[in-house]
Amino acid sequence: MSKKLARRYKVTRRVAILLAAAPLFQLGQCNTVNNQIAANFANALPSVVFQVLLSFALLPIQALLNGGQTNGTGSGNGTGI
């Protein structure tokens, strides 16, 4: 193989690799994914806040039912197992 043919082969191989990887460079898709993640976070935020506030509001009742322990299993049988 001559030097000229070897060089053309290397250049052709690099161009082929670049063209094969081209779909990975779609930065517009990254923006879409970020927007979807932000939308999912914004939609879930009220539910998360409500669950946290509800757990704090129910903490005294849970302490009474679990005999003063707030880290029980939630089994409701009072054994804490």
Engineer: Determine yes or no for a side-chain-to-main-chain donor-acceptor pair under 3.5 angstrom, with S47 supplying the side chain and A44 the backbone.
Structural biologist: no

Engineer: Measure the spacing between NZ of K4 and CZ of R8 and express it to the nearest 0.5 Å.
Structural biologist: 5.0 Å

Engineer: Under 4.5 Å between side-chain heavy atoms, counting indirect links through other Ile/Leu/Val/Met/Phe/Trp/Tyr residues: same cluster for L45 and I37 or not?
Structural biologist: no

Engineer: Quick one: pull up CG in L53 and CG in L58 and give me the separation to the nearest 0.5 Å.
Structural biologist: 11.0 Å

Engineer: Nearest 0.5 angstrom please: L59 CG to L64 CG, how far?
Structural biologist: 10.0 Å

Engineer: Could you see if I61 belongs to whatever hydrophobic cluster contains L54? Use Ile, Leu, Val, Met, Phe, Trp, Tyr and a side-chain cutoff under 4.5 Å.
Structural biologist: yes

